[in-house]
Amino acid sequence: MHDALRIPELFVNIFSFLDASDLLSCALVCKLWSEDAQIARWKVCNVTLKALLQRLAPLDEFLDEDGIPYSNLRINFKDISSQDWEGFLSTTSQVTHLHVTRLCLHPSSVSLLQSLLSTYGGDLFPNLKSLELDFDAIEVPTVKFTLSPSLRTFKATSYGYDDLGPILYRLQPHAANIHTVDLWMERGPSRFQPQFYPKLRTLKYACKSFTGEAWAAFAEAPLLEDLEISVSMSGIPVVHDVTFPALKRLHMEDMDT
């Protein structure tokens, strides 16, 4: 092997330019490539929270008595050592892009993660740059484990009524460095508060009802350059004397078409 190929993390840096399918092919070459491809996967691919939790313990999936789908960690607190937890934290520290899907974590597993954090300490997802959420309000407790001051991009999709309000509230203390936000609220009203996002530059925003107060709130984002709004045009208000100091692009479309 050439000496250059012995440089630590060389393959990780190279693999970081590959997509998920190519990473899988590289992982099958040899043990060394497999280990480095796995590290690169956490860094550059859109990892799901479900896939990460399976690094800690197997997941059982079931419907509760109300027909709500849940995932539950098949392990007890006493079966997770401090070394196991440190290994899991090490994996989450490598993740930069995370996707949380509709299948939510059961309250007992949420309590388990909270107990592990309280007992062993550490930070979950300290290097997370991009977070995508796709679920209903019942899954809000899971969100607190994914929020980090390192976040730069946030995307959330909701098909229920106003279920992004609690999520946005939880996000506010971690929003100081976020520059891109993409929100889709099919039936909810405008709830986004740009004053909590001082570095916001790009905003894609879709909601059923849009108020004059929402226009005024968007104008409070001093660095906002790109604003794209999808809304029911029949209900959009006419607003005067609202100025966007840095806006370079405004695009609007009718959600109902």
Side-chain angles (χ1 to χ4, degrees), residues 44 46-47 49 92-93 95-101 123-137 139-232 236-237 239-253 255:
V44 302
N46 196 13
V47 178
L49 182 60
T92 69
S93 71
V95 175
T96 57
H97 307 277
L98 183 66
H99 184 197
V100 183
T101 60
D123 295 318
L124 286 169
F125 307 105
N127 300 307
L128 192 64
K129 298 294 187 292
S130 174
L131 176 61
E132 181 177 352
L133 309 179
D134 180 15
F135 47 60
D136 296 322
E139 299 175 76
V140 167
T142 312
V143 177
K144 64 183 178 183
F145 298 117
T146 66
L147 300 179
S148 169
S150 62
L151 277 175
R152 301 294 186 271
T153 301
F154 177 74
K155 180 178 181 179
T157 302
S158 164
Y159 297 100
Y161 181 80
D162 196 28
D163 53 35
L164 283 185
I167 295 170
L168 294 175
Y169 178 77
R170 286 180 178 270
L171 180 66
Q172 288 171 4
H174 308 275
N177 294 307
I178 293 178
H179 56 67
T180 301
V181 173
D182 185 344
L183 301 177
W184 178 276
M185 294 175 287
E186 189 177 63
R187 294 191 294 273
S190 54
R191 276 292 196 108
F192 184 64
Q193 297 177 292
Q195 66 268 28
F196 293 101
Y197 303 76
K199 296 184 179 180
L200 183 66
R201 294 183 179 275
T202 301
L203 175 60
K204 294 180 68 176
Y205 195 79
C207 66
K208 194 64 176 178
S209 61
F210 198 79
T211 65
E213 289 78 10
W215 275 118
F218 287 170
E220 294 181 17
L223 303 180
L224 184 60
E225 298 177 342
D226 192 336
L227 177 58
E228 185 171 321
I229 299 176
S230 297
V231 66
S232 177
I236 194 167
V239 179
H240 303 283
D241 300 325
V242 174
T243 302
F244 295 84
L247 195 65
K248 297 179 180 178
R249 175 181 175 271
L250 172 62
H251 175 77
M252 299 186 66
E253 60 183 44
M255 180 183 282

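No hydrogens, no waters, no symmetry mates; every other heavy atom, side chains included, goes into these values. From a predicted model like this one, the values you see are computed outputs, not experimental measurements.
Environment of NZ in Lys129: crowded, with over 12 heavy atoms of neighbouring residues, nucleotides or ligands closer than 6.0 Å.
Across Pro194 and Ala217, no two heavy atoms sit closer than the pair CG-O, 3.4 Å. Heavy atoms only, all atoms of each residue included: Leu200 and Thr202 are closest at CD1-O, 3.4 Å. Of all heavy-atom pairs spanning Trp184 and Ala206, the tightest one is CE3-CB, 3.1 Å. For the residue pair Pro222 and Pro245, the shortest heavy atom distance occurs at O-CG, 3.9 Å. The minimum heavy-atom distance between Ser93 and Asn127, with the atom names listed, is O-ND2, 2.7 Å.
The shortest distance between side-chain heavy atoms of Phe244 and Trp215 falls below 4.5 Å.
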Identify every side-chain donor-acceptor pair in residues 147-154 under 3.5 Å, counting partners at least two apart or on other chains, and give the distances.
unit_1: Ser148; atom_1: OG; unit_2: Phe125; atom_2: O; d: 3.2
unit_1: Ser148; atom_1: OG; unit_2: Ser150; atom_2: N; d: 3.2
unit_1: Ser148; atom_1: OG; unit_2: Ser150; atom_2: OG; d: 2.8
unit_1: Ser150; atom_1: OG; unit_2: Pro126; atom_2: O; d: 3.2
unit_1: Ser150; atom_1: OG; unit_2: Leu128; atom_2: N; d: 3.1
unit_1: Ser150; atom_1: OG; unit_2: Leu128; atom_2: O; d: 2.5
unit_1: Arg152; atom_1: NH1; unit_2: Ser150; atom_2: O; d: 2.6

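Atom CZ of Arg249 is separated from atom CD of Glu225 by 12.0 Å, given to the nearest 0.5 angstrom. Atom CG in Leu131 sits 12.0 Å away from atom NE2 in His97 (nearest 0.5 Å). In this structure, Glu228 CD and Leu250 CG are separated by 9.5 Å, a value rounded to the nearest 0.5 Å. Note that NZ of Lys199 is 11.0 Å distant from CD1 of Ile178, once rounded to the nearest 0.5 Å. Gln195 CD to Gln172 CD: the interatomic distance, rounded to the nearest 0.5 Å, is 7.5 Å. Considering CG of Asp226 and OG1 of Thr180, their distance stands at 9.0 Å, rounded to 0.5 Å.
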Q. Going through the checks in order, is the side-chain contact (heavy atoms from CB on, under 4.5 Å) test met by Leu203 and Tyr197?
A. CA-CA 11 Å; Leu203 175 60; Tyr197 303 76; over 6 Å; no
